[in-house]
Amino acid sequence: GLRDFVAFGVAGVVVAPVSAEPVAYLGRYGIPVVEVGRRFAPDRCDAVVRRGAGAGGHDADREMGRAAVGLLVRRFVGPE
């Protein structure tokens, strides 16, 4: 799947990684990555969004998505 992201020329990727490999691979092509949930590549990752504790799972997921998209928008478009 990562090769497809590179081939499509995506502007950035939001991943829920299980290792540092996705960040390293995409980084070789200059594609920024937002790690969600766990941080595997603190030196190479643009940002990480950690899930907050609590019962509001759907609200937390929605907020993680908004935060991740906001980080990518600020990287490519600039601050609001």
Walk me through it: do V6 and I31 pass the test side-chain contact (heavy atoms from CB on, under 4.5 Å)?
CA-CA 8 Å; V6 173; I31 297 173; 3.8 Å; yes
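Cluster annotation: V14 is not connected to F40 through the hydrophobic network of ILVMFWY side chains, with a link wherever side-chain heavy atoms come within less than 4.5 Å.
In terms of heavy atoms, L26 sits closest to F5 at CD2-CB, 4.3 Å.
The neighbour count for R3 CZ, taken as heavy atoms of other residues, nucleotides or ligands under 6.0 Å away, does not exceed 12.
Under the ring pair (Phe, Tyr, Trp, His ring centres under 6.0 Å) criterion, the residue pairs touching residues 6-27 are Y25-Y29, with sequence neighbours excluded.
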